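Reading through the structure tokens given below for one structure.
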Amino acid sequence: MPELPEVEILVRHLGPLLKGKRIRDVEVRRAKVLGRTSERELKAALRGAMFTGLTRRGKYLLFELRGAVGRKSRTLVGHLGMTGRMYLLAKNDPLPKHTAVVLGLGSLRMVYEDTRYFGRLTLDGEEIQKLGPEPLGADFTGEYFAFALKRSSQAIKIKLLDQTLVAGVGNIYASEALFLAGISPRLAANKLSEAQVKVLRRTIRDVLKKAIRRGSTLPLNFAGEEKSDGLFYYGSESGAGDFDHERLLVYDRKGQPCLRCKTPIERLTQAARSTFYCPGCQRIQPRVKSVDG
DNA sequence: CACCATGTTCCTTG
DNA sequence: CCAAGGAACATGGT
């Protein structure tokens, strides 16, 4: 369930539900997800603590806790990896197969499940320090973006996945933003024109905002029984018609006609990840004026 | 069996 | 030191 918009929606949903709840038990079923934090350390920090807030930084969840005894506050850091999910279940509901951690909250339990166990639930905030600016925040300025891109000859698609450059863009929205900007994913970061940098900054923000808006209106399932909750960039009760602006425009659409120019969407591999793009709309070299004959 | 998957880190090679 | 490429992590879907 990753990428910034999904995490943001989860924060908005889960935050109010957790606020004021006290952690009574901590069960660790897969210690790997604790990262550098030991199971003992986690339990000592969480038992008796109360949730006071939930925020997001990039793709990370920041659970704010106040210790049982006094004012000592702590931050529990979560990351969903590729397949992580977090939600509340009733105390006696069965736990899913790949449950990594369970926090007992009295009549409820907060479940962190993660099929592939790539995610994290930890007290170690080291990774947060390395993150670049929030793409929807005030620090992600055109000047910053231009400066950061100027220093690298890496393909722009790969740079967009660099969380130290900007925090929260993932493989899906990187492809989408580049398509909307009409920029080739292979273009070297330092070869983008000033105009392209501006457009790309805007399409990154637009695509993330739109996904958050969409996630806010979808009937997402946070309870866990079904599996229709995580990937809210898919599926839709779109309704209206001809052009579905809510859907993904290029991601996972290899071979299908570009919604703008009908050229078949292509897939390429960059940094061992799939990139989807339209070879008609996203060229490195500007289109040559066609001379008939 | 093959290949693919929303993420990130680590290792090797140049 | 840097960049690029690949493997690794672990499980499931097609």
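This is a predicted model, so every value here is computed, not measured. Numbered from 1 within each chain, the chains take letters A, B, ... in sequence-line order.
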What nucleotide among [options] has an atom nearest to a side-chain atom of [X]?
{"X": "A:M82", "options": "C:dG12, B:dG7, C:dA10", "result": "B:dG7"}
{"X": "A:S153", "options": "C:dA4, B:dG7, C:dA10", "result": "C:dA4"}
{"X": "A:E3", "options": "B:dT6, B:dC4, B:dC10", "result": "B:dT6"}
{"X": "A:R267", "options": "B:dC4, C:dA10, B:dG7", "result": "B:dC4"}
{"X": "A:R30", "options": "B:dT8, C:dC9, C:dT11", "result": "C:dT11"}

In this structure, how many angstroms lie between the [atom2] atom of [N] and the [atom1] atom of [X], rounded?
{"X": "A:Y117", "N": "C:dG12", "atom1": "OH", "atom2": "P", "value": "8 Å"}
{"X": "A:L80", "N": "B:dT8", "atom1": "CG", "atom2": "C1'", "value": "13 Å"}
{"X": "A:D114", "N": "C:dG12", "atom1": "CG", "atom2": "C1'", "value": "12 Å"}
{"X": "A:R273", "N": "B:dT8", "atom1": "CZ", "atom2": "C1'", "value": "9 Å"}
{"X": "A:L4", "N": "B:dG7", "atom1": "CG", "atom2": "P", "value": "11 Å"}
{"X": "A:Y173", "N": "B:dA5", "atom1": "OH", "atom2": "P", "value": "17 Å"}
{"X": "A:K32", "N": "B:dG7", "atom1": "NZ", "atom2": "C1'", "value": "11 Å"}
{"X": "A:D252", "N": "B:dC3", "atom1": "CG", "atom2": "C1'", "value": "14 Å"}

| message | Regarding A:R36 and A:E127, does a basic nitrogen lie under 4.0 Å from an acidic carboxylate oxygen? | response |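 Salt bridge: yes.
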| Below 4.0 angstrom, N of the basic side chain to O of the carboxylate: do A:E194 and A:K198 qualify? |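 The answer is no: the pair does not qualify as a salt bridge.
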What integer number of Å spans the [atom1] atoms of [N] and [M]?
{"N": "B:dC11", "M": "C:dA10", "atom1": "P", "result": "15 Å"}
{"N": "B:dT6", "M": "C:dA3", "atom1": "P", "result": "24 Å"}
{"N": "B:dT8", "M": "C:dC1", "atom1": "P", "result": "24 Å"}

Side-chain N or O of [X] versus OP1/OP2 of [N]: is the shortest distance under 4.0 Å?
{"X": "A:K59", "N": "B:dT8", "value": "yes"}
{"X": "A:K97", "N": "C:dT11", "value": "no"}
{"X": "A:Q163", "N": "B:dT8", "value": "yes"}
{"X": "A:H98", "N": "C:dA10", "value": "no"}

| field | Distance, nearest 0.5 Å, that separates CZ of A:R66 from CZ of A:R22 | value |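 Output value for this atom pair is 8.0 Å.
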| message | Return the pairing partner of C:dC2 with a 3.5 Å limit on both distances, Watson-Crick or G-U wobble; otherwise return none. | response |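 Checking every strand shown, C:dC2 finds its partner in B:dG14, with both distances under 3.5 Å.
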| Taking a pair as Watson-Crick or G-U wobble with both distances under 3.5 Å, which nucleotide is matched to B:dT6? |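 For B:dT6, the partner nucleotide comes out as none, under the 3.5 Å rule.
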| query | Do A:R116 and B:dA5 have a side chain to base donor-acceptor pair shorter than 3.5 Å? | reply |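 Under the 3.5 Å cut-off, the side chain and the base do form a donor-acceptor pair.
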| message | Donor-acceptor check, side chain of A:E134 to backbone of A:D139, threshold 3.5 angstrom: yes or no? | response |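 It does not hold such a pair.
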| Single hit among A:E6, A:E3, A:E8 for salt bridge (Lys or Arg N to Asp or Glu O under 4.0 Å) with A:R56 |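 For A:R56, the salt bridge (Lys or Arg N to Asp or Glu O under 4.0 Å) test succeeds with only one of A:E6, A:E3, A:E8, which is A:E8.
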| request: Cation-pi check, A:R260 to A:F179: give yes when NZ or CZ is under 6.0 Å from the six-membered ring centre and within 45° of the ring axis, no otherwise. | output: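 The answer is yes; both the distance and angle limits are met.
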| request: Tell me whether the guanidinium CZ or amine NZ of A:R201 lies under 6.0 angstrom from the six-membered ring centre of A:F145 and within 45° of its axis. | output: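 The answer is no; the distance or angle limit is not met.
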Distances for protein N or O near nucleotides 6-8 of chain C N or O, under 3.5 Å:
none

| Partner of A:L105 by side-chain contact (heavy atoms from CB on, under 4.5 Å), out of A:L17, A:L89, A:I23, A:D25 |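 Option passing the side-chain contact (heavy atoms from CB on, under 4.5 Å) with A:L105: A:I23.
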| said: Please classify the nucleic acid contact of A:F118 as base, sugar-phosphate, or nothing, using heavy-atom distances under 4.0 Å. | reply: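 Base contact - A:F118 has a heavy atom under 4.0 Å of at least one base atom.
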| query | So what does A:R120 touch, heavy atoms closer than 4.0 Å: a base, only the sugar-phosphate, or nothing? | reply |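 Contact class for A:R120: none.
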| query | Cut-off 3.5 Å, side chains only: do A:K157 and A:T275 have a donor facing an acceptor? | reply |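 A:K157 vs A:T275: donor-acceptor pair found between side chains.
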